[in-house]
Number of protein chains: 2
Amino acid sequence: MKLPTGLNNLVEFLQRLPGVGPKSALRMAFYLLQTSDSFNEELAKTIGDLKKNVFVCSECFSVSDEEICEVCKDNNRNKQLICVVERADDVIIIESLGGFNGIYHVLGGAINPLNHIGPDDLRMTELLERVKRYDVSEVIVATNLSLEGEATALYIKSKVQSLKVEKFEGVKVTRIGTGLPMGADLGYADMATLQRAMEGRREI
Amino acid sequence: MKLPTGLNNLVEFLQRLPGVGPKSALRMAFYLLQTSDSFNEELAKTIGDLKKNVFVCSECFSVSDEEICEVCKDNNRNKQLICVVERADDVIIIESLGGFNGIYHVLGGAINPLNHIGPDDLRMTELLERVKRYDVSEVIVATNLSLEGEATALYIKSKVQSLKVEKFEGVKVTRIGTGLPMGADLGYADMATLQRAMEGRREI
């Protein structure tokens, strides 16, 4: 039995969303078929207008309701401390932790030769310009702990440190801590993570 | 940091879909923010027009592109064998198995006194009318294996068997097999399931 066309199209669209397989797409589609008309209308409108209503901050390239996001506008933020992330949603995640009082910079990805993404495809020039403009003292590189994220971190380090020539003091470049996740069992950890955990040990 | 309003609304809508939590809603929303404009427009249109384009079959109450679904229209289907399910998506799931050559009847739920759903809220009258009209020989009750599904199965049995009075021969009412799922480990099975598995034993 084939699904009605409208339903089938919806299932195919939903399957393209991250983390949605055929079965969950079908469940969602049937939910939408049985829910109130107003819910579907508002959801459709929100999706259709999404890009019109959400701006990319012209400073840090995070998402915002306005041209400049609230983090970049906030004068109580420490602009000498900049946290570099791959994607705008990483900013939301770090902000949800609370406690970070610096600013952000969204690169727009990581260096990935296999996918033809080089340093020029990332917002590197903008990053270096902001490091100079704000007289940044520390760049925290919070790219993913993947091969691509690590390569990008090393590239950022070399670029930021080349600014030394122009400045009297160097800019500190740090990487987010690596090691075992909380609640982890030593016996199940992979060797690379365990080695990083040993290297990243701290006094208690 | 608060999410841009458009994004926040979308995350809240997506979280109401079955199986979608806050984190996956956020991932989906950011995916939609970064995907092509045409994808979002078509997805929005498909959701908005869903109920206009998908019909409920006036025979079995399953979903269809037309007023009568292809199962009910198919003259090769055995109309004396009717499979009763709670929801329209159950029909899709059973059809995807292949091999069932009867017809379906979607009840629209199960008896659930806590949620004030009684037999009158289900499509019982329509079921009994179809059983009589097609001179049905067997009603397979494929409601869920929950308390509500079981109660509904017993109710259907009593109602269908009361048709005996009007007919010379009775209608057989069967329930889908219960027992351990394939690949299950006896040691981890719950007692109720294990008991059902013993009762439902078959010769090999």
Side-chain angles (χ1 to χ4, degrees), chain A residues 1-10 12-14 16-20 23-24 26-35 37 39-56 62-66 69-71 74 87-89 91-96 98 104 108, chain B residues 1-10 12-14 16-20 23-24 26-35 37 39-56 62-66 69-71 74 87-89 91-96 98 104 108:
Chain A
M1 183 197 180
K2 75 179 203 322
L3 277 177
T5 316
L7 206 57
N8 194 48
N9 290 347
L10 182 57
E12 284 184 6
F13 278 129
L14 292 175
R16 284 172 53 184
L17 299 179
V20 180
K23 277 203 167 177
S24 38
L26 195 66
R27 272 183 76 197
M28 286 181 202
F30 269 98
Y31 177 87
L32 290 174
L33 195 63
Q34 279 147 11
T35 190
D37 289 349
F39 179 84
N40 287 13
E41 279 163 25
E42 285 176 50
L43 174 59
K45 196 171 160 16
T46 312
I47 292 172
D49 293 346
L50 185 62
K51 294 193 183 184
K52 283 177 231 159
N53 292 336
V54 177
F55 292 90
V56 171
S62 167
V63 288
S64 176
D65 267 328
E66 293 165 81
C69 78
E70 52 179 300
V71 172
D74 186 349
R87 295 154 26 134
D89 36 339
V91 174
I92 309 295
I93 292 164
I94 299 179
E95 276 295 289
S96 72
Y104 296 93
Chain B
M1 181 193 181
K2 75 181 204 320
L3 277 176
T5 317
L7 205 59
N8 194 49
N9 289 347
L10 182 56
E12 283 184 5
F13 279 129
L14 293 174
R16 283 171 55 183
L17 299 178
V20 180
K23 278 202 166 177
S24 40
L26 195 65
R27 273 183 76 198
M28 288 182 199
F30 268 97
Y31 177 87
L32 290 173
L33 196 62
Q34 279 145 13
T35 191
D37 288 350
F39 179 83
N40 287 13
E41 279 162 26
E42 286 176 50
L43 173 59
K45 196 171 159 17
T46 313
I47 292 171
D49 293 345
L50 186 62
K51 295 195 181 184
K52 284 176 229 158
N53 293 334
V54 177
F55 292 90
V56 170
S62 167
V63 288
S64 176
D65 267 328
E66 293 164 83
C69 78
E70 53 178 300
V71 172
D74 185 350
R87 294 154 28 133
D89 37 339
V91 174
I92 310 295
I93 292 165
I94 298 176
E95 275 297 286
S96 71
Y104 296 93

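Below, chain A is the first sequence line, B the second, and so on; all start at residue 1.
Using a 4.5 Å cut-off between heavy atoms, A:Asp74 does not touch chain B at all. No part of A:Ser24 comes within reach of chain B, as not one of its non-hydrogen atoms sits under 4.5 angstrom from that chain. For B:Asp49, no part lies under 4.5 angstrom from a heavy atom of chain A. Using a 4.5 Å cut-off between heavy atoms, A:Leu43 touches chain B through backbone and side chain atoms alike. Within the 4.5 angstrom heavy-atom criterion, atoms from both the backbone and the side chain of A:Leu32 approach chain B. Using a 4.5 Å cut-off between heavy atoms, A:Ser62 touches chain B through its side chain atoms alone.
Options A:Arg16, A:Lys52, A:Gln34, A:Glu66 differ in how many heavy-atom pairs under 4.5 Å they form with chain B, and the most are formed by A:Arg16. By number of non-hydrogen pairs under 4.5 angstrom with chain B, the leading residue of A:Lys23, A:Lys45, A:Glu41, A:Glu42 is A:Glu42. Ranking A:Ala29, A:Gly19, A:Ala88 against chain B, the residue ahead of the rest is A:Ala88, based on heavy-atom pairs under 4.5 Å. Most heavy-atom pairs under 4.5 Å with chain B: of the set A:Val20, A:Ile93, A:Thr35, this distinction falls to A:Thr35. When B:Leu10, B:Leu7, B:Val91, B:Leu33 are compared by the number of non-hydrogen pairs under 4.5 Å with chain A, B:Leu33 comes out ahead. Top candidate by heavy-atom pairs under 4.5 Å with chain B, chosen from A:Pro18, A:Gly48, A:Gly6, is A:Pro18. Between chain B and the options A:Asn53, A:Leu3, A:Val71, heavy-atom pairs under 4.5 Å are most frequent for A:Leu3.
Ion pair A:Arg27/B:Asp89 not flagged as a salt bridge, since none of the NZ, NE, NH1 or NH2 atoms sits closer than 4.0 Å to an Asp/Glu carboxylate oxygen.
Side-chain contact check for B:Phe13 versus A:Ile47: every heavy-atom pair is 4.5 Å or farther apart.
B:Ser64 and A:Pro4 make their closest contact through N-CG, 3.4 Å (heavy atoms, listed as atom of the first residue, atom of the second, distance). Looking at every heavy atom in both residues, B:Asp65 comes nearest to B:Phe55 through O-CD1, 3.2 Å.
Note that the CZ atom of B:Phe30 and the CD1 atom of A:Ile92 stand 4.5 Å from one another [nearest 0.5 Å].
Side-chain polar atoms of A:Asn9 and B:Thr46 form no donor-acceptor pair below 3.5 angstrom.
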